[in-house]
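Computed from heavy atoms alone, side chains included, the values below leave out hydrogens, waters and symmetry copies. Note that this is a predicted model, so its numbers are computed, not measured.
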Amino acid sequence: TTAPGSALIYITEQVGRVRILQGDALLDAPFLDITDRVGSRGFEQGLLGLAFAPDFAQSRRFFVNYTDRAGATVVSGFRAESNLRADPGSEWVVMRIAQPYANHNGGQIKFGPDGMLYIATGDGGSAGDPQNLAQNVSSLLGKLLRIDVSQSSAGEPYRIPPDNPRFGADSLPELWAIGLRNPWRFSFDRAT
């Protein structure tokens, strides 16, 4: 992906590094290295998503989606020192979602044209979603989540956008779309 206002290309490596492509050259020093906390035992685990805040040029904030060493999905925020280097010690956890199996972790995170952060979560894995998590509106798994991280910090990791849909009285307010198997990639149309 790219960061707003930058021509650099940031490459997410499953083991827990974000590398930089500058022109035709892959830079030696990684932008971010969190291999010490990323678990990638399973085929579908690891550092799976990267999204730069729309105001990255000013705030230096960006977000990642990874599976930790216990197999849980973690969405975290970080601060960059520059376009070439992030501070791995600046992490604050936005959300942590326990995973029942090692596969179907989703992974894509992306800021929408509305400035909200969208998070794709898989249904937790195994064959045929045996726990029916994708249809369960009390679970964050098997969904597309939509949260406001414009003021995200360790003290208040996210807010719920007031116009998120509600899927019933027991529905979690983060849910934007439900019933997804393993949404590992998604995009937004360029048109409004």
Legend entry - Closest non-hydrogen atom pair between Leu47 and Tyr66, with its separation: CA-CB, 3.8 Å
Inset, instruction - Please confirm whether the backbone N or O of Asp36 pairs with a side-chain atom of Arg69, one donor and one acceptor, at under 3.5 Å? - result: yes
Inset, instruction - Compare all side-chain heavy atoms of Leu84 with those of Phe31 and state whether any distance is below 4.5 angstrom. - result: no
Legend entry - Distance in Å, Ser187 OG paired with Lys110 NZ, rounded so as to fall on 0.5 Å steps: 7.0 Å
Inset, instruction - For Ala51 and Leu117, work out which heavy atoms get closest and say how close. - result: CB-CD1, 4.2 Å
Legend entry - Under 3.5 Å: donor-acceptor pair, side chain of Asp87, backbone of Ala80: no
Inset, instruction - Report the residue from Leu180, Leu133, Asp129, Asn105 that forms a side chain to side chain contact (heavy atoms under 4.5 Å, CB included) with Leu141. - result: Leu133
Legend entry - Reported CG-to-CZ distance for the pair Asp55 and Arg60, which is rounded to 0.5 angstrom: 10.5 Å
Inset, instruction - Quick one: sort the Phe63 and Trp92 rings into parallel, tilted or perpendicular, breaks at 30° and 60°. - result: perpendicular
Legend entry - Leu175 vs Leu145, side-chain contact (heavy atoms from CB on, under 4.5 Å): CA-CA, chis, key distance, verdict: CA-CA 5 Å; Leu175 307 184; Leu145 311 177; 3.6 Å; yes
Inset, instruction - Report whether Ile34 and Tyr10 are members of the same hydrophobic cluster (ILVMFWY, side-chain heavy atoms less than 4.5 Å apart, transitive linking). - result: yes
Inset, instruction - Look at Asp68 together with Arg37 and state whether they make a salt bridge at an N to O cut-off of under 4.0 Å. - result: no
Inset, instruction - Nearest 0.5 Å please: distance from the CZ atom of Arg61 over to the OG atom of Ser90. - result: 11.5 Å
Inset, instruction - Take Ser40 and Gln14 through the side chain to side chain donor-acceptor pair (under 3.5 Å) test and state the conclusion after the steps. - result: CA-CA 7 Å; Ser40 58; Gln14 193 173 2; over 6 Å; no
Inset, instruction - Drop me the distance from Ile160's CD1 to Ile147's CD1, to the nearest 0.5 angstrom. - result: 7.5 Å
Inset, instruction - State, to 0.1 Å, how close Pro183 and Ala120 come at their nearest heavy-atom pair, and which atoms those are. - result: O-CB, 2.8 Å
Inset, instruction - For residues Asn164 and Trp176, determine if any side-chain heavy atom of one lies less than 4.5 Å from a side-chain heavy atom of the other. - result: yes
Inset, instruction - Indicate yes or no for a side-chain donor-acceptor contact from Lys143 to the backbone of Asn136 under 3.5 Å, with no hydrogens or angles considered. - result: yes
Inset, instruction - Rounded to the nearest 0.5 Å, what's the gap from OG1 on Thr73 to CG on Leu140? Could you check? - result: 10.0 Å
Legend entry - Phe188 ring center within less than 6.0 Å of Tyr118 ring center: yes
Inset, instruction - Treating Ile, Leu, Val, Met, Phe, Trp and Tyr as nodes and any side-chain heavy-atom pair under 4.5 angstrom as an edge, say whether Leu48 and Phe78 lie in one connected cluster. - result: no
Inset, instruction - Could you tell me which non-hydrogen atom of Ala154 sits nearest to which non-hydrogen atom of Pro157, and how far apart they are? - result: O-CD, 4.1 Å
Legend entry - Glu91/Leu32 under side-chain contact (heavy atoms from CB on, under 4.5 Å): CA gap, chis, key distance, verdict: CA-CA 11 Å; Glu91 180 177 19; Leu32 178 70; over 6 Å; no
Legend entry - Gln131 vs Tyr101 side-chain heavy atoms within contact, under 4.5 Å: yes
Legend entry - Heavy-atom side-chain proximity of Val94 to Ser152 below 4.5 angstrom: yes
Inset, instruction - Would you indicate whether Asp170, at its atom CG, is surrounded by more than 12 heavy atoms from other residues, nucleotides or ligands within a distance under 6.0 Å? - result: no
Legend entry - Parallel, tilted or perpendicular: rings of Phe62 and Phe56 (30°, 60°): perpendicular
Inset, instruction - Taking all non-hydrogen atoms of both residues into account, name the closest pair between Ile20 and Asn83 and its distance. - result: CD1-O, 3.7 Å
Inset, instruction - Please round to the nearest 0.5 Å and tell me the distance separating atom OH of Tyr158 and atom CE of Met95. - result: 4.0 Å
Inset, instruction - Report whether Val93 and Val64 are members of the same hydrophobic cluster (ILVMFWY, side-chain heavy atoms less than 4.5 Å apart, transitive linking). - result: yes
Inset, instruction - Go through Thr35 and Arg17 one step at a time and tell me if the side-chain contact (heavy atoms from CB on, under 4.5 Å) criterion holds. - result: CA-CA 6 Å; Thr35 53; Arg17 280 186 298 270; 3.7 Å; yes
Inset, instruction - Return the minimal non-hydrogen interatomic distance between Gly125 and Pro130, and the atom names on each side. - result: O-CD, 3.7 Å
